[in-house]
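Accompanying notes for the structure given below.
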Amino acid sequence: MGKLYMITALAGGVGAAKLIDGLSSIVPPEKLTIIVNTGDDCEFYGLHISPDVDIITYTLAGLVDEEKGWGIKNDTFNCLDMLRLYGYDTWFKLGDKDLATHIHRTMMLKSGYKLSEVTRDICAKLRIKQKIIPMTDDYFATKIKTDRDTLHFQEYLVKRGSVDVVRDIIYDGAEVAKPAPGVIESIMDAEIIIICPSNPLVSIGTILAIKGVRQALKGAKAKKVAVSPIIGGTVVKGPADKMMKYLGMEVSALGVAKLYSDFLDIFVIDEVDAPLAHEVEKLGIKAVITNTLMRTREDRIRLAKFVLDIAST
Ligand code: FO1
């Protein structure tokens, strides 16, 4: 790779973290900014949890539990065991070390710092040199309207195991939430923008729902490349396929391309989806085909290199 490009990535949790890990091994850290979904943020025991921000942070710090894709490796759950004894709900598995992050975040927020400032502090302390920016410092909660009730996203995903029929997705707070400092700037300054293979509705869709973000993407000079999170009609992880089906969308890479068609230049789809390339191109998006599965670290690096090569030619 010749020129060193300024790269901004839009990211959710586990799927995004794999590509970000690949990118971080080939891109100098000062050239990489990651804008992260905060629609999944939740509160337990008075603590502010920011799951996607933590997944990206722990991954870049080399701390993530690789098997689960979230939490800290070799963490213990003594605190949670004790909380269970006291009668608290413990379905959201917060490890002992992980809890330290949430305690630190909550204490800083209570002292008046913004989520983006807290994130910067955590990154500095974990010696992360890439810039991680939460999409907003304001309240934003993704809620899932099922055929029975309305749930916070983590209740839908973790507590109920994403078994419910999804009637609607509510971006609670989207009308007032402003982009965090640096979000719009990093989109406008980037030479390459990467939309990670994350849930297009509840990870990327939330970022796009923040005032000014979609507009900035449309106007940005950067080459905008997305990697499809849907391979052969299903997802590697998470409920994106179920959600898209219930909401009457086409559950395929093409269905995802349609959600990004107003700003996207290039769409990276898997080899098994090669027959969809023509339809993607009819949307005015260049379709490129490769193996998008990231099973190993080598896969992550290979896909990251592929994305950068495609974006810089
Ligand atoms: N995912 C689960 O499936 N079960 C859990 O108990 C769980 C706990 C958890 C704690 C901290 C954290 O940062 C993430 C956690 N996740 C858990 C992952 C999280 O629910 C989702 O993967 C993301 O919100 C979607 O990107």
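Just follow the structure's listing: the first ligand is 1, and inside any ligand the first atom is 1.
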What's the spacing between Thr150 OG1 and Tyr156 OH if we round to 0.5 Å?
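So the OG1 of Thr150 and the OH of Tyr156 are separated by 13.5 Å.
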
When you look for protein heavy atoms under 4.0 Å from ligand 1, which residues do they belong to?
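Contacting ligand 1 under 4.0 Å are Gly13, Asp40, Pro51, Asp52, Trp70, Trp91, Phe92, Lys93, Leu94, Asp98, Gln154, Leu157, Val158.
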
In one Ile/Leu/Val/Met/Phe/Trp/Tyr side-chain cluster, 4.5 Å: Val166, Ile204
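The answer is yes; both residues are in one hydrophobic cluster.
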
If two hydrophobic side chains count as joined below 4.5 Å and joins carry through other members, does Leu32 share a cluster with Ile133?
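Result: no, two separate clusters.
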
Keeping the roles fixed (side chain from Lys211, backbone from Ala174), state whether a donor-acceptor pair exists under 3.5 Å.
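Such a contact is absent between Lys211 side chain and Ala174 backbone.
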
Indicate every side-chain donor-acceptor pair of residues 289-296 with a distance under 3.5 Å to a residue at least two apart or in another chain.
residue: Thr290; atom: OG1; partner: Arg302; partner atom: NH1; Å: 3.4
residue: Asn291; atom: OD1; partner: Leu293; partner atom: N; Å: 3.1
residue: Thr292; atom: OG1; partner: Asp270; partner atom: OD1; Å: 2.9
residue: Thr296; atom: OG1; partner: Glu298; partner atom: N; Å: 3.4
residue: Thr296; atom: OG1; partner: Asp299; partner atom: N; Å: 3.1
residue: Thr296; atom: OG1; partner: Asp299; partner atom: OD1; Å: 3.4
residue: Thr296; atom: OG1; partner: Asp299; partner atom: OD2; Å: 3.3

Nearest heavy-atom neighbours spanning Lys242 and Ser162:
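So the two residues come closest at NZ-O, 2.9 Å.
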
